[in-house]
Protein chains: 2
Amino acid sequence: MTLILEARSGGEVDFIREVASREGVDYYLLRRRVAAGRVVIPRNNRKKGARLVGVGEGLTTKVNVNVGTSGVYVDYELEERKVELALRYGADTLMDLSTGGDLDYVRRRLIEKSGGAPFGTVPTYQAWIEGVRRYGSVASIPPDWFLEVVERHLRDGVDFMTIHAAVTRDLASRAVKSRRVMPIVSRGGSMVSAWMLETGRENPYLENWGQVLELFREYDAVISLGDALRPGATADALDELQVGELLLNAKLARESVEKGVQVMIEGPGHVTLDKVVADVKLAKSLSGGVPYYVLGPLVTDTAAGYDHIAAAIGAALAAAAGADLICYLTPAEHLGLPNEEQVKEGLIASKIAAHAGDLVKLGRRAALPDVKMSVARAKLDWEYQLKNAYDPERAAEIRGQFGGAALKSCTMCGQYCVFLLLDKYTRGRREPSVEELLERYGEGLEL
Amino acid sequence: MTLILEARSGGEVDFIREVASREGVDYYLLRRRVAAGRVVIPRNNRKKGARLVGVGEGLTTKVNVNVGTSGVYVDYELEERKVELALRYGADTLMDLSTGGDLDYVRRRLIEKSGGAPFGTVPTYQAWIEGVRRYGSVASIPPDWFLEVVERHLRDGVDFMTIHAAVTRDLASRAVKSRRVMPIVSRGGSMVSAWMLETGRENPYLENWGQVLELFREYDAVISLGDALRPGATADALDELQVGELLLNAKLARESVEKGVQVMIEGPGHVTLDKVVADVKLAKSLSGGVPYYVLGPLVTDTAAGYDHIAAAIGAALAAAAGADLICYLTPAEHLGLPNEEQVKEGLIASKIAAHAGDLVKLGRRAALPDVKMSVARAKLDWEYQLKNAYDPERAAEIRGQFGGAALKSCTMCGQYCVFLLLDKYTRGRREPSVEELLERYGEGLEL
């Protein structure tokens, strides 16, 4: 029985209990949301020692980190170190996007390294890369092969997978002839599209949708419906191709939930700030509220080298509007494979965005870190402030520069620190309690 | 005659013509907005070779960089190098916030270095620091002294100045006894407040408001009305102290415009994402639409070490909602004086935020960089992409890591680059023109 079906049966479901307890939400409410497909808990039933992470309505926004080799650079140890870094700096989920080296081997190594965290893949990559080798050409790859690779990933214990099922042959044909700046920017989506355009056949995942559902049901894994036609430029955002694919993804999502298979929908991409909320609301509304997994979105196309910042802006607003899982972007986006430092920078930017969104979406349920940090700041409690920074070492290093480590205040304000200047006037005032401060954030709302 | 009065007289005003031409807006429209105080062009009439920068309604969002010594670290050369960096990476305006060393000397050196860019100061700092030395104690500083220092800055050619006129004695008394987490976090605001609490007198700028207006009118400089009671924690945002001060600032702003003195209002601070638009709309509505100059806002209190990112999130939304000038924040915010690298990082984050806001506020008038970057990206034109990055050297370095510099695609996707994979299917399609792509961004709107 899958988690959704268990939740529907009305009995006690340990996994849901554990997530409810960790998130501080009501168990029965969470169980109803899992039953309705509005929350997923990605965990392949073959996996031992899974770390349970809830993704969806009413829960904190989660952050995913992509790792993996590329077709031109393969260093398994480097990718393992990225996984370690991601876990150290608070990634909630991980995805292996490897396209170079031994793809089964690297996937298994990274799963091993991931400490039970929800682990995702994009099986289309392997299907394409090994399919071309095995069958001699793209046109010769049989549709069944795509599903065989999916099953191989499921057997390895992969918890969630991007499945590009909604880019139909018709949509792909229209996309490559379209007036978009960039017809298709999803790598897996372009592979499935090229296969359809070469063979003249329909999308292999869509044609075998019943079988896809069976497979994910058997392993109780989460389908993450890919957005092959996500906009790769802000000029292409919310166009008929993107929304055409979303309509079908939403239909497939509703079918999945009905069949007891957990599902998410993936979103963009490049979207100007005025369209971010609309994008999230549309996906949620069409799909019946399944979790929405966004890649940024980037709110400008101009920020290569700093795309983690352009993405954090979009992600914060998306999270505030109801997006549930944010895929990090690194400073190397649009330029190349990220190094370790860039993985860390990208993850922290996404964590900040997710939390900024949660302060809106969850209100006071998310505000304790802000309240405690502000109280520590007002008391010039540097130990607390540094220890609870996103990167304590970096924060301590900055505090220490120009000889600041020993100061009561800091090197910016020195003796003119407001807390020192005003100490004699504020002393004796009745300071607000943590509870009183939390109350100010309200119940939470979605933009 | 001041710029506002000239604009009102209906004649030809060269400065306005120049800004209109640079921004691509109609001259008569811009002149009406200057006349109404909705756009300012900060330029002290004693200054030679001023670079004209328009700030306000219908113009691109500008970014300010703060530099300056601190009470515990004085290195004039370092601050000069920060000015150079700021200009190199596209700062629109500069402010000297020095509180250490010879304050007249450092101000003059930095003005000299600033290449005519609009240059601002916070005279309250010098009034306090030198006032205590000169008169022996805070309580002994006479109110006139605050205005004397303002005039000294005006004589040096300072183009705009933070004037903390709206924190009344009553507001300051209430603030220090309030249930805020942080009663007052503005350094200049806390100095004026401490002076009022020590002397029992009213705010010296407010008491002598007519004289302040006379001075700024004489030099045709811009008053930037400080927000001494801006929230320093998200828990304190949009409370009665902040709004109480804003009400008075708005009144003073309307009076300034009436008298022909250019004026801006300064805004927060720390504000959760759901309140950012409201904060901007409130300031604009109360003040009759004078330019709004925001410090971030930071959308979470937790991001020390990465506050440039928390600020970029708030700033992008604020700009989209109508904020006109964004004060950068660096990764060193809340930790200490920034070093050069941190100045650069903070500036670029703010530039990205300002531009993301402009894509909404100005629509297609701001979208050319995005369109051209996207077209270059789709063509794998790396030369264009790197040259037009916010930091070309950094972008080139990232592209080059793991041996990427010589690739047709990049080290992330290698041979599986979507533009290579789909080339044969997209070839021959009618590509959209730059004009067609710009049309997609619309006329612009304010959130």
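Throughout, protein chains are lettered first and strands after them, A, B, ... in sequence-line order, and every chain is numbered starting at 1. Model, not experiment: these values are computed from the prediction.
- With respect to chain A, the highest number of heavy-atom pairs below 4.5 Å among Gly414(B), Ala396(B), Ala395(B), Ser433(B) belongs to Ala395(B).
- Per-residue counts of heavy-atom pairs under 4.5 Å with chain B were compared for Ser173(A), Gly357(A), Ser178(A), Gly400(A); the largest is that of Ser178(A).
- By the side chain to side chain donor-acceptor pair (under 3.5 Å) test, Lys344(A) is found to be paired with Asp391(A), residues two or more places apart in sequence or in another chain being considered.
- For Ile348(B), the part lying near chain A is the side chain, with the backbone staying farther off; criterion is any non-hydrogen pair under 4.5 Å.
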Legend entry - Derivation and outcome, side-chain hydrogen bond (donor to acceptor under 3.5 Å, both in side chains), residues His355(A) and Asp370(A): CA-CA 10 Å; His355(A) 180 65; Asp370(A) 296 77; 2.4 Å; yes

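- Only the side chain of Gln401(A) has a heavy atom closer than 4.5 Å to any heavy atom of chain B.
- For Val271(B) against Thr234(B), the heavy-atom pair with the smallest separation is N-CG2, 3.9 Å.
- In terms of heavy-atom pairs under 4.5 angstrom with chain A, the leader among Glu345(B), Glu397(B), His270(B) is Glu345(B).
- In this structure, the portion of Gln342(B) lying under 4.5 Å from any heavy atom of chain A is its side chain and not its backbone.
- Atom OH of residue Tyr306(A) and atom OG1 of residue Thr300(A) lie 14.5 Å apart, to the nearest 0.5 angstrom.
- With sequence neighbours excluded, the residues forming a side chain to side chain donor-acceptor pair (under 3.5 Å) with Asp236(A) are Arg440(B), listed by chain and number.
- Interface residue Ser186(B): only backbone heavy atoms are found under 4.5 Å from chain A.
- Only the side chain of Leu386(B) comes within less than 4.5 Å of a heavy atom of chain A; its backbone N, CA, C and O stay farther away.
- When the candidates Leu438(B), Val299(B), Thr69(B) are compared by the number of heavy-atom contacts under 4.5 Å with chain A, Val299(B) comes out ahead.
- Remark: Arg377(A) fails to qualify as a cation-pi partner of Phe419(A) under the 6.0 Å distance and 45° angle criteria applied to the six-membered ring.
- The parts of His334(A) that come within reach of chain B are both its backbone and its side chain, each placing non-hydrogen atoms under 4.5 angstrom from that chain.
- Both the backbone and the side chain of Ile184(B) come within contact range of chain A, with heavy atoms under 4.5 Å apart.
- Using a 4.5 Å cut-off between heavy atoms, Met412(A) touches chain B through backbone and side chain atoms alike.
- Comparing Lys275(B), Lys177(B), Arg394(B) by how many heavy-atom pairs each has under 4.5 Å with chain A, the most go to Arg394(B).
- When each of Leu298(A), Val371(A), Asn339(A), Leu359(A) is scored by its heavy-atom pairs under 4.5 Å with chain B, the top score falls to Asn339(A).
- Within residues 402-410 of chain A, the residues having any heavy atom less than 4.5 Å from a heavy atom of chain B are, in residue-number order, Phe402(A), Leu407(A), Cys410(A).
- Listed options Thr272(B), Leu97(B), Asp75(B), Leu273(B) were ranked by heavy-atom pairs under 4.5 angstrom with chain A; first place goes to Leu273(B).
- Checking Tyr390(B) against Thr302(A) by side-chain atom types alone, a donor-acceptor pair falls below 3.5 Å.
- The residue among Ser374(A), Ala172(A), Gly305(A) with the most heavy atom pairs within less than 4.5 Å of chain B is Ser374(A).
- Between Arg430(A) and Glu436(A), no side-chain nitrogen of the basic residue sits less than 4.0 Å from a carboxylate oxygen of the acidic one, so the salt-bridge criterion is not met.
- Heavy atoms of Pro392(A) lying under 4.5 Å from chain B are absent altogether.
- Side-chain atoms of Thr330(A) come within 3.5 Å of backbone atoms of Ala332(A) as a donor-acceptor pair (strictly under, hydrogens ignored).
- Of all the listed residues (Val138(B), Val360(B), Asn388(B)), the one sharing the greatest number of non-hydrogen pairs under 4.5 Å with chain A is Val360(B).
- Between the side chain of Ser70(B) and the main chain of Val72(B), a donor-acceptor pair closer than 3.5 Å is present.
- Contact annotation for Ala175(A): neither backbone nor side-chain heavy atoms come within less than 4.5 Å of a heavy atom of chain B.
- For chain A, the nearby part of Tyr441(B) is the side chain; its heavy atoms alone come within less than 4.5 Å.
- Counting heavy-atom pairs under 4.5 Å between each of Met373(A), Gln415(A), Arg427(A) and chain B puts Gln415(A) at the top.
- Looking at heavy atoms from C-beta onward, Ser350(B) lies out of side-chain contact with His308(B) at the 4.5 angstrom threshold.
- For chain A, the nearby part of Ala320(B) is the side chain; its heavy atoms alone come within less than 4.5 Å.
- Residue contact with chain A, scored on non-hydrogen atoms closer than 4.5 Å, involves the side chain of Leu78(B) exclusively.
- A salt bridge is defined here as a Lys NZ or Arg NE, NH1 or NH2 lying under 4.0 Å from an Asp or Glu carboxylate O, and Lys424(B) with Glu198(A) meets this definition.
- For Tyr73(B), the part sitting under 4.5 Å from any heavy atom of chain A is the side chain, from C-beta outward, and nothing else.
- Ala315(B) does not touch chain A: none of its heavy atoms, backbone or side chain, sits under 4.5 Å away.
- With a 4.5 angstrom heavy-atom cutoff, Gln385(A) touches chain B only via side-chain atoms.
- Taking both residues in full, the closest heavy atoms of Met191(A) and Trp128(A) are given as O-CZ3, 3.3 Å, listed atom of the first, atom of the second, then distance.
- The main-chain N or O of Gly71(A) is found under 3.5 Å from a side-chain atom of Thr99(A) such that the two form a donor-acceptor pair.
- Counting all heavy atoms, side chain and backbone alike, Gly189(A) lies closest to Ala228(A) at CA-CB, 3.4 Å.
- Atom CD1 of Ile313(A) sits about 7.0 Å away from atom CD1 of Ile313(B), to the nearest 0.5 Å.
- Residues that satisfy the side chain to side chain donor-acceptor pair (under 3.5 Å) test with Glu333(B), not counting sequence neighbours, are absent from this structure.
- Of the listed residues (Ala367(A), Ala303(A), Ala233(A), Ala304(A)), the one with the most heavy-atom contacts under 4.5 Å to chain B is Ala303(A).
- Salt-bridge check for Glu431(A) with Arg180(B): failed, with every basic side-chain N at 4.0 Å or more from each acidic carboxylate O.
- If you tally non-hydrogen atom pairs under 4.5 Å between each of Ile309(A), Val375(A), Asp239(A) and chain B, the highest count goes to Ile309(A).
- Using a 4.5 Å heavy-atom threshold, the side chains of Met182(A) and Pro231(A) count as separate.
- One N or O on the side chain of Thr411(A) and one on the backbone of Leu337(B) form a donor-acceptor pair closer than 3.5 Å.
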